[in-house]
Number of protein chains: 2
Amino acid sequence: MVDLVREDRTSVRSHPMVGASASRRISEATVARLPIYQRILLGLVGGGTTTVSSEQLAQLAQLNAAKVRKDLSYLGSFGTRGSGYDTRFLLGQIDRELGLDADWPVAVVGIGNLGRALANSRGFASRGFRIVGLFDIAPEVIGVTMAGIEVHHVDDLPIYDNPAIGVITTPASVAQEVAERLMAVGARSILNFAPVVLMVPPEILVRNVDLSIELQVTSFYLSHQQAWT
Amino acid sequence: MVDLVREDRTSVRSHPMVGASASRRISEATVARLPIYQRILLGLVGGGTTTVSSEQLAQLAQLNAAKVRKDLSYLGSFGTRGSGYDTRFLLGQIDRELGLDADWPVAVVGIGNLGRALANSRGFASRGFRIVGLFDIAPEVIGVTMAGIEVHHVDDLPIYDNPAIGVITTPASVAQEVAERLMAVGARSILNFAPVVLMVPPEILVRNVDLSIELQVTSFYLSHQQAWT
DNA sequence: TAGATTGTTAATCGATTAACAATC
DNA sequence: TAGATTGTTAATCGATTAACAATC
């Protein structure tokens, strides 16, 4: 591993748009909200609601209606003035924009409680994502089946379908090595739950989720609350 | 529960600063980075490094040095021109700013894989946080001890120490009810892992973490990658 | 038509970053 | 002193929001 490059963790934005069908570059903040709209629309469609206004969507997502309209306008002009958005159609457009109509092979490495939680989670087994394997090194979990998928040894990573997305739920101490193994089998993106900053080449997309950071941020706002309540 | 009010999920910023010792209002983006600096400093102090420059910190956090200096300047002027920051002192200042020198009783509701992961996690058992109880409704987990803490029935929430922070790791279908029970026993803040938008009064702080949203955002960037690589 | 709601503009607000004087 | 590095300013960039013309 030679050309590891330190990359800003918010570096996604820094890549220039070169493709033709540019439209307007969709904002990063909007991308983070699309899954929320998706989830809400899933509920509305399931409940038989056929039309929804930006104001209703805003209420359900606890956002501002102007923000909802602006977000949705990145996808195209799919609303109908006077009545709102067709729920089923809008859901389809959001799915398409999120790339959920593609097939993303996912490998989860580190089958502790968090890995188990992800393997069993609804979101990970859903449309778009396909778990190609669960991986660990502990003899006592290898061979165990969870959520219908067997746990293999990390050394066997090359045997299974190449993952596009690697999910790291190992201890921090081995996360970098695991990232390198995932990249070696072709992973183009890493969802990292280990509390460590990974070093990867710039073409690899890393998203970090750190559960204890969330708790610390909560602590900050709690301890400063008297200042604004 | 009468005065439930829909609250913008980023509403923390909307509270006006009224206290006296205002200094400069610390930016929300900065708050989210303080735990990252904290983690890095913990490693440096543990490794015996006594001084660190903003440039070094930036490398370790994969950020821009100007951003690091700006972030740290919110806490005060703790650096020394020409040499950098004293690691141990800076760590102490960040801990203080994050409120980690306080005692935050935490209740975790929903002892599935994710709840177990949190209960066992280093970050949740660390300085500042004290788990007052683990709660569930499933008979098979009640009475079980994990990470040294017994799992109780949610109905017994009022028996234990009032939590300042409630962590919800239940299915989405019961998350709202759990939130109300947590608020009823005094929780001022909720860390919500259930994929649902909670309705709470404005004085309650909610932070949402949705693991499948992260996966969907990854999918978005993967499917748009050819546009910028 | 009248009422409702979108899509977009422009103003505003907040975050990032380069640059550099201050100073150890 | 000379070199290094901070703390802060100002420019820039990106995100939010109110407002409203367009239009169903």
Side-chain angles (χ1 to χ4, degrees), chain A residues 6-17 22-34 36-37 49-87 89-90 93 217 228, chain B residues 7-17 23-34 36-37 49-87 89-90 93 217 228:
Chain A
R6 292 171 184 276
E7 181 190 17
D8 191 289
R9 47 173 52 222
T10 53
S11 65
V12 160
R13 96 189 60 184
S14 67
H15 292 84
M17 184 75 165
S23 72
R24 226 154 39 260
R25 184 106 187 78
I26 190 166
S27 109
E28 227 180 315
T30 296
V31 172
R33 283 188 295 266
L34 289 181
I36 298 171
Y37 301 136
T49 303
T50 57
T51 296
V52 69
S53 70
S54 60
E55 182 57 43
Q56 291 172 307
L57 264 178
Q59 297 246 330
L60 293 169
Q62 293 183 6
L63 302 167
N64 167 307
K67 191 186 276 181
V68 172
R69 289 200 296 279
K70 182 121 223 207
D71 283 344
L72 299 182
S73 75
Y74 282 111
L75 315 187
S77 296
F78 298 140
T80 305
R81 287 161 140 102
S83 64
Y85 302 86
D86 181 282
T87 52
F89 183 77
L90 185 57
Q93 293 303 314
V217 171
W228 31 265
Chain B
E7 180 190 19
D8 191 289
R9 44 173 52 223
T10 54
S11 64
V12 160
R13 96 188 60 182
S14 67
H15 293 83
M17 185 74 166
S23 72
R24 227 156 33 261
R25 184 108 186 78
I26 189 166
S27 110
E28 228 179 314
T30 296
V31 173
R33 283 188 295 266
L34 289 181
I36 298 171
Y37 301 136
T49 304
T50 58
T51 295
V52 69
S53 70
S54 61
E55 182 56 44
Q56 291 173 306
L57 263 178
Q59 296 245 331
L60 294 169
Q62 293 183 8
L63 301 168
N64 167 307
K67 192 185 277 180
V68 172
R69 289 199 297 279
K70 181 122 225 211
D71 283 344
L72 298 182
S73 75
Y74 282 112
L75 314 188
S77 295
F78 299 140
T80 305
R81 288 163 141 100
S83 64
Y85 302 86
D86 180 283
T87 51
F89 182 78
L90 185 57
Q93 293 303 314
V217 171
W228 33 264

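Labels below follow one simple rule: chain letters A, B, ... track the order of the sequence lines, proteins then strands, and each chain is numbered from 1. Remember, it's a predicted structure, so these values are computed and weren't measured experimentally.
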Does the side chain of B/Leu57 come within less than 4.5 Å of B/Leu72's, by heavy atoms? yes
Rounded distance (Å) that lies between atom C1' of D/dA4 and atom CD of B/Glu55: 12 Å
A/Lys67 NZ to C/dG14 P, in whole Å, measures 12 Å
Can you tell me the base-pairing partner of C/dT23? Count Watson-Crick or G-U wobble geometry only, both distances below 3.5 Å, and say none if there is no partner. D/dA4
Could I get a table of every N or O pair under 3.5 Å where one atom is in the protein and the other is in nucleotides 7-11 of chain D?
from, atom 1, to, atom 2, distance (Å)
D/dG7, OP1, B/Phe78, N, 3.2
D/dG7, OP1, B/Gly79, N, 2.8
D/dG7, OP1, B/Gly79, O, 3.4
D/dG7, OP2, B/Tyr85, OH, 2.8
D/dG7, N7, B/Arg69, NE, 2.9
D/dG7, O6, B/Arg69, NE, 3.2
D/dG7, O6, B/Arg69, NH2, 2.9

Ignoring backbone atoms, test whether B/Ser27 places a side-chain nitrogen or oxygen under 4.0 Å from the OP1 or OP2 oxygen of C/dG14. no
Presence of A/Ser83 side-chain N/O under 4.0 Å of D/dC24 phosphate oxygens OP1/OP2: no
For B/Thr30, report the nucleic acid contact type (base, sugar-phosphate, nothing); a contact means any heavy atom under 4.0 Å. nothing
Check B/Tyr74 against B/Thr30 and note the closest heavy-atom contact, atom names and distance. CE1-OG1, 3.3 Å
Distance-only, no hydrogens or angles: does the B/Ser54 side chain make a donor-acceptor pair with backbone N or O of B/Val68 under 3.5 Å? no
Are any of the side-chain heavy atoms of B/Leu34 and B/Ile26 separated by less than 4.5 Å? yes
With a 3.5 Å distance limit and no angle check, can you tell me whether B/Thr87 reaches the backbone of B/Thr49 through a side-chain donor-acceptor pair? yes
When the distance from CG of B/Asp86 to P of D/dT5 is rounded to whole Å, what number comes out? 15 Å
Spacing of A/Thr51 atom OG1 and A/Tyr85 atom OH [to the nearest 0.5 Å]: 12.0 Å
So what's C/dA10 paired with, Watson-Crick or G-U wobble, going by both distances under 3.5 Å? D/dT17
Just the rounded figure in Å: distance from P of D/dT16 to CD1 of A/Ile26. 12 Å
Are A/Arg25 and D/dC13 close enough that a side-chain N or O sits under 4.0 Å from OP1 or OP2? no
Could you state the atom-to-atom distance from CG of B/Asn64 to P of C/dA19 in whole Å? 11 Å
Find the distance A/Arg33:CZ to D/dT17:C1' and express it as a whole number of Å. 12 Å
To the nearest Å, give me how far apart CG (B/Asp71) and P (D/dT6) are. 13 Å
Nearest whole Å is fine: how far is C/dT16 P from B/Leu63 CG? 9 Å
Shortest non-hydrogen pair, A/Leu63 vs A/Arg33, comes out as CD1-CD, 3.7 Å
